[in-house]
Participant: 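Mind looking over this structure? Questions follow.
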Amino acid sequence: ATQTRGFVCDGTTIFQWDLKAEDTGVAETFTEISSLPDVLGDERAIAKYITYNTYRLILTAENAIQWFFTDPNDTEFVGFESSESNPDKTVRAMSFGGNIWVFSNYSYDIFSYTGSSDDPYDVASGATGKIGCTNGDTIAVHGDFMFWMGQGETSNDNVYMASVGCAITE
């Protein structure tokens with residue numbers, strides 16, 4: 001399937017636009033995605049970061065410990081996951097190497113696509129670690145490598161690097 005929409009998040013709101021629009025008409029296709037999920041009862045999620053994986057929009061909310069996903073090629077959020085290894089706040093979910101790396105303050109979990117429409121992501125045995133992320137803005141991907149400012153139970157404020165093969169170095 002070909003992706004026909006682009007997405008951008010300004011730190012509170014998600015916008016979409018038509019990728020096939022003519023240059024002069026792109027601005028007219030910008031629309032806000034207003035169907036953000038509810039967190040903590042009826043409080044609306046504040047969109048902090050977005051990423052994309054298996055034709056699903058992935059949302060990290062400023063005010064939630066979970067991360068959220070849509071159905072394929074849709075903008076309605078239909079499910080959520082939370083960190084498996086440590087129940088601390090999700091700092092950022094990031095698509096990398098075909099997986100979703102979910103960073104919390106003091107841990108990470110690597111969620112893989114399961115193929116199930118009911119539960120599309122799961123953490124494989126051993127796909128967790130005790131290195132978190134100090135701030136979601138520090139995560140950067142360059143080719144087959146991802147870098148972030150990390151912290152953990154035994155270390156603080158180090159720069160970490162992961163390769164697509166999941167090797168992590170300090």
Participant: Scan the side chains in residues 10-17 for donor-acceptor partners under 3.5 Å anywhere in the protein, sequence neighbours excluded, and list what turns up.
Facilitator:
residue	atom	partner	partner atom	Å
Asp10	OD1	Thr12	N	3.0
Asp10	OD1	Thr12	OG1	3.2
Asp10	OD1	Thr13	N	2.8
Gln16	OE1	Arg5	NH1	3.4
Gln16	NE2	Thr31	OG1	3.4

Participant: Identify whether Tyr55 and Phe111 are in the same connected component of the hydrophobic contact network (ILVMFWY, side-chain heavy atoms under 4.5 Å).
Facilitator: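 In one cluster: no.
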Participant: First locate atom CD of Glu76, then atom OG of Ser34, and finally report the distance between them rounded to the nearest 0.5 Å.
Facilitator: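 It is 10.0 Å, given to the nearest 0.5 Å.
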Participant: Given the rule that I, L, V, M, F, W and Y join up when any side-chain heavy atoms are under 4.5 Å apart, are Phe96 and Tyr108 in one cluster?
Facilitator: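 Linked, Phe96 and Tyr108 end up in one cluster.
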Participant: Can you tell me how far the CH2 atom of Trp101 sits from the CE atom of Met94, to the nearest 0.5 Å?
Facilitator: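 One gets 11.5 Å once the value is rounded to the nearest 0.5 Å.
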Participant: Side-chain heavy atoms under 4.5 angstrom apart, residues restricted to Ile, Leu, Val, Met, Phe, Trp, Tyr: same cluster for Trp148 and Val164?
Facilitator: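 Yes, one cluster joins them.
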Participant: Please report the shortest heavy-atom distance between Leu59 and Ala45, naming the atom on each side.
Facilitator: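 Result for this residue pair: CD2-CB, 4.3 Å.
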Participant: To check you understand the geometry: which heavy-atom pair defines the closest contact between Cys9 and Ala47, and what is its length?
Facilitator: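 Scanning both residues, the minimum pair turns out to be SG-O, 3.5 Å.
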Participant: Rounded to the nearest 0.5 Å, what's the gap from CG on Asn99 to CG on Asp109? Could you check?
Facilitator: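 CG of Asp109 is found 12.0 Å from CG of Asn99.
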Participant: Does Thr60 use its side chain to pair, donor to acceptor, with the backbone of Lys48 at less than 3.5 Å?
Facilitator: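 No, because the side chain of Thr60 does not come within donor-acceptor range (under 3.5 Å) of the backbone of Lys48.
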Participant: Which pair of non-hydrogen atoms, one from Ile65 and one from Thr90, has the smallest distance, and what is that distance?
Facilitator: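 The pair with the smallest heavy-atom distance is O-OG1, 2.5 Å.
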Participant: Got a list of side-chain donor-acceptor pairs under 3.5 Å for residues 126-144, not counting sequence neighbours?
Facilitator:
residue	atom	partner	partner atom	Å
Thr134	OG1	Met149	O	3.2
Asn135	OD1	Asp137	N	2.7
Asp137	OD1	Tyr49	OH	2.6
Thr138	OG1	Asn135	O	2.8
Thr138	OG1	Met149	N	3.1

Participant: Are the side chains of Val39 and Phe68 in touch, meaning some heavy atoms are under 4.5 Å apart?
Facilitator: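 The answer is yes, as the side chains (C-beta and beyond) meet within the 4.5 Å cut-off.
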Participant: Hey, is the main chain of Ser95 close enough, under 3.5 Å, to the side chain of Thr51 for a donor-acceptor pair?
Facilitator: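 Looks like yes, one N/O pair under 3.5 Å.
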Participant: Please tell me whether Tyr160 and Ile110 are part of a single hydrophobic cluster in this structure, the criterion being side-chain heavy atoms less than 4.5 Å apart.
Facilitator: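 The answer is yes; both residues are in one hydrophobic cluster.
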Participant: Sequence neighbours left out, what pairs pass side-chain hydrogen bond (donor to acceptor under 3.5 Å, both in side chains) with at least one residue falling in residues 61-72?
Facilitator: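 The answer is Glu43-Asn63.
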Participant: Drop me the distance from Arg56's CZ to Tyr113's OH, to the nearest 0.5 angstrom.
Facilitator: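 Output value for this atom pair is 5.5 Å.
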Participant: Would you say the side chain of Phe69 lies within less than 4.5 Å of the side chain of Pro120, judging by non-hydrogen atoms?
Facilitator: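 In contact.
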Participant: Under 4.5 Å between any side-chain heavy atoms of Phe77 and Leu57, yes or no?
Facilitator: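 Phe77 reaches Leu57 side chain to side chain.
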Participant: Look up atom CD1 in Ile50 and atom CD1 in Ile58, then write down how far apart they are to the nearest 0.5 Å.
Facilitator: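 Between atom CD1 of Ile50 and atom CD1 of Ile58 there are 10.5 Å.
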Participant: Any pair with a residue in residues 114-124 that passes side-chain hydrogen bond (donor to acceptor under 3.5 Å, both in side chains), sequence neighbours left out, goes on the list, sorted by first then second residue, please.
Facilitator: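 Checked against side-chain hydrogen bond (donor to acceptor under 3.5 Å, both in side chains) - neighbours excluded - the pairs reaching residues 114-124 are Asn53-Tyr121, Thr54-Tyr121.
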Participant: Taking all atoms of both residues into account, what is the closest heavy-atom pair of Thr29 and Ala21, and its distance?
Facilitator: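 Minimum heavy-atom separation between Thr29 and Ala21: CG2-CB, 4.0 Å.
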Participant: Following the transitive rule for hydrophobic clusters with a side-chain heavy-atom cut-off under 4.5 Å over Ile, Leu, Val, Met, Phe, Trp and Tyr, establish whether Leu19 and Val8 coincide in one cluster.
Facilitator: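 Yes: a chain of side-chain contacts under 4.5 Å links Leu19 to Val8.
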Participant: For Glu22, which residues count as a salt bridge (Lys or Arg N to Asp or Glu O under 4.0 Å) partner, sequence neighbours excluded?
Facilitator: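 Listed in chain order: nothing, the list is empty.
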Participant: So, using side chain to side chain donor-acceptor pair (under 3.5 Å) as the criterion, who are the partners of Tyr52 when residues are at least two apart?
Facilitator: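 Partners of Tyr52 by the side chain to side chain donor-acceptor pair (under 3.5 Å) criterion, ordered by chain and then number, come out as Gln3.
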